[in-house]
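Structure record follows, encoded as structure tokens.
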Protein chains: 2
Amino acid sequence: MIDKSSPIPLYHQIEEVIKQGIEHGEYQPGDVLPAERVYAEQYQVSRMTVRQAITNLVNERYLYRIKGKGTFIAEPKLEQNLKGLTSFTEDMSARGMKASSKISKFDIIPANRSLAEQLNVDMHTPIYEIKRVRLAEEIPMALERTYIPANLIKGLSEERVLSSIYKYAEEQMGLKIKSATQTLEATIANKEEIKLLEVDQGGAPVLLMKRTSKLENGQTFEIVKSSYRADRYKFMIDLER
Amino acid sequence: MIDKSSPIPLYHQIEEVIKQGIEHGEYQPGDVLPAERVYAEQYQVSRMTVRQAITNLVNERYLYRIKGKGTFIAEPKLEQNLKGLTSFTEDMSARGMKASSKISKFDIIPANRSLAEQLNVDMHTPIYEIKRVRLAEEIPMALERTYIPANLIKGLSEERVLSSIYKYAEEQMGLKIKSATQTLEATIANKEEIKLLEVDQGGAPVLLMKRTSKLENGQTFEIVKSSYRADRYKFMIDLER
DNA sequence: TAAGAAAATTGGTATATACAAATAAAATAT
DNA sequence: ATATTTTATTTGTATATACCAATTTTCTTA
């Protein structure tokens, strides 16, 4: 596993081994990693070399350390990054408002040309279409439409959607989301949005957020389109230093 | 400067000393730092301890290293972070389009109640008001309005605005921007935007980006309001892993 | 003078060691 | 059985050393 004669630095090789362990699901978030001295013994390297490997993974947010306790597996990065843009639920609770959501549609539909293109599947491929209205104190704030190829995540139910699709996909289906691209644009509310968001017919502005998430193999996992009422919601980003 | 009997780790003390040097302008971006062995000799600590301090600052993007050459001062972080949201000029050049801008207003105005509040100054305080239209291939894409208290940055001219206000503020005035908060919302074009962005009168949607930048002492340095044509522009954010 | 070789400088990798500080587990005393 | 004390384990800090690799500077040679 570790090749001392390789030109690749030992600490880097150890990094990769640990990373693989995380990505292959041998360790779960919150699990404790073997102690530094254990790795040192196991791979016949000095503890400082193991330490350098682990330090790098800590800086990359794969791991975190607690003095006296050990080194632990961190939550996947994507969720942390998504917090850069304040998420709906968090934002609402930060303002002392109660966030809820109501599923207005939960179906499997055949992919039309546009969906097929965006999800990178053949036309007519079965696709989950999930629509939900995000509410704050019972007032509609956003309409969220999620599209996921049905073959990727079988056995999805309304109950599971209400908790976390991501968690279900990772823990039950072994799917890891690797990256996501998010865009923000402004549009005018269409008929569906006017009805579900309860806004004026006369050209109410909405903030449209589109997110495309990809798996490790490059396949598109989901498309999420969220329409936020412009009069009630804005996105905030803090930039430090 | 370095206290070996202090409970604060040596590497952390050294970090602070170097950081201070950067923030007090003793080093400029691109300058080379004294070699690790020089610091070790100077502070009478081992090279590895210096290395740990520098490694941390490299991870925090204060410094970067080149093997065989040395350790150098990085560009201030704010500009790097702002690239998380693709900037107008970059975005255009990435698409092979030529970006330009046209200043439509450059004045000093007395602060009204709203401006005074947002900039945290007294009413009637003189404020630079700079309006410019951002163009791509001569087509108007955005209207940008910048407000800066005049006492903060004397001698600002139209020419300087065309290059970089930030650079002028930092290099000539010694002002360092510490943080910025950015919001994105959707609105309908007002009269000014209809005229300068050349959009329809009938309720054209625009993306409104507001940025408030603060100095180290907490004072507000500037407010920037940018209205982007929703039919021509959207913001994109990439989230890795 | 110009080209090439050698030496010096700088960061990169790796080891071995020692003790500190926080936490957890085990042993002991009440 | 329950506190308390002791011991072991784990990460954190720091040193001293050695050699590697990339780059720059200096010296030598043609």
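Numbered from 1 within each chain, the chains take letters A, B, ... in sequence-line order.
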- Spacing between A:Gln44 atom CD and C:dT15 atom P, to the nearest angstrom: 10 Å
- Please, which pairs that meet salt bridge (Lys or Arg N to Asp or Glu O under 4.0 Å) have at least one residue in residues 24-44 of chain B, sequence neighbours excluded? B:Glu36-B:Arg47, B:Glu36-B:Arg51, B:Glu36-B:Arg65
- A:Thr49 vs C:dA14: side-chain N/O to OP1/OP2 distance below 4.0 Å: no
- Message: Tell me whether B:Arg134 is salt-bridged to B:Glu144, with the criterion being a basic N under 4.0 Å from an acidic carboxylate O.
- Response: yes
- What is the minimum heavy-atom distance between A:Tyr128 and A:Leu156, and which atoms define it? OH-N, 3.4 Å
- Query: Considering residues at least two apart in sequence or located in another chain, which fulfil the salt bridge (charged side-chain N to carboxylate O under 4.0 Å, His left out) criterion with B:Arg229?
  - Reply: B:Asp231
- To the nearest Å, how far apart are A:Asn56 CG and C:dA14 P? 11 Å
- Give the intermediate values and the outcome of side chain to side chain donor-acceptor pair (under 3.5 Å) for residues A:Thr220 and A:Lys214. CA-CA 4 Å; A:Thr220 303; A:Lys214 286 189 191 300; 3.1 Å; yes
- Can you tell me how far C1' of C:dT23 sits from CD of A:Glu36, to the nearest Å? 15 Å
- Query: Do the side-chain N or O atoms of A:Lys4 get closer than 4.0 angstrom to the phosphate oxygens (OP1, OP2) of C:dT15?
  - Reply: yes
- Message: Please list, in numerical order, the residues of residues 6-13 of chain B that have a heavy atom closer than 4.0 Å to any atom of DNA chain D.
- Response: B:Pro9, B:Leu10, B:Tyr11
- Would you say D:dG12 has OP1 or OP2 under 4.0 Å from some side-chain N or O of A:Arg65? yes
- Basic-acidic side-chain contact under 4.0 Å: A:Glu23, A:Lys176: no
- Note on the structure: In short, the helix from C:dT1-D:dA30 to C:dT30-D:dA1 is bent end to end, axes from five pairs each side, to 10°, by 10°
- Between atom CD1 in B:Ile2 and atom P in D:dT15, what is the gap in whole Å? 11 Å
- Item | Candidate list A:Gln52, A:Glu60, A:Gln20, test side-chain contact (heavy atoms from CB on, under 4.5 Å), partner A:Glu15, passing option | A:Glu60
- What string of B, S and - do you get for nucleotides 16-21 of chain C, 5' to 3', when a contact is any protein heavy atom under 4.0 Å? BBBB-S
- For A:Phe72 and C:dT23, what is the distance between atoms CZ and C1' respectively, to the nearest whole Å? 10 Å
- Message: Just by distance, no angles: are the side chains of A:Ser227 and A:Arg145 close enough, under 3.5 Å, to form a donor-acceptor pair?
- Response: yes
- Base, sugar-phosphate, or nothing: which does B:Ile54 touch, judged by heavy atoms less than 4.0 Å apart? nothing
- Looking only at heavy atoms, the pair that brings A:Ile103 and A:Glu158 closest together is CD1-O, 3.8 Å
- Message: Nearest whole Å is fine: how far is D:dT15 C1' from A:Arg51 CZ?
- Response: 15 Å
- Are B:Thr71 and C:dG11 close enough that a side-chain N or O sits under 4.0 Å from OP1 or OP2? yes
- Please collect all ring pair (Phe, Tyr, Trp, His ring centres under 6.0 Å) contacts where either partner lies in residues 27-56 of chain A, sequence neighbours excluded, each pair once. A:Tyr39-A:Tyr43
- Task: Check the angle between the aromatic planes of A:Tyr228 and A:Tyr233 and answer parallel, tilted or perpendicular using the 30° and 60° thresholds.
- Result: parallel
- Atom NZ of B:Lys69 to atom P of C:dG12: distance rounded to whole Å? 13 Å
- Euclidean distance, atom CG of residue B:Leu63 to atom C1' of C:dG12 [Å, nearest integer]: 16 Å
- Task: Check B:Leu207 against B:Phe235 and note the closest heavy-atom contact, atom names and distance.
- Result: CD1-CD1, 3.6 Å
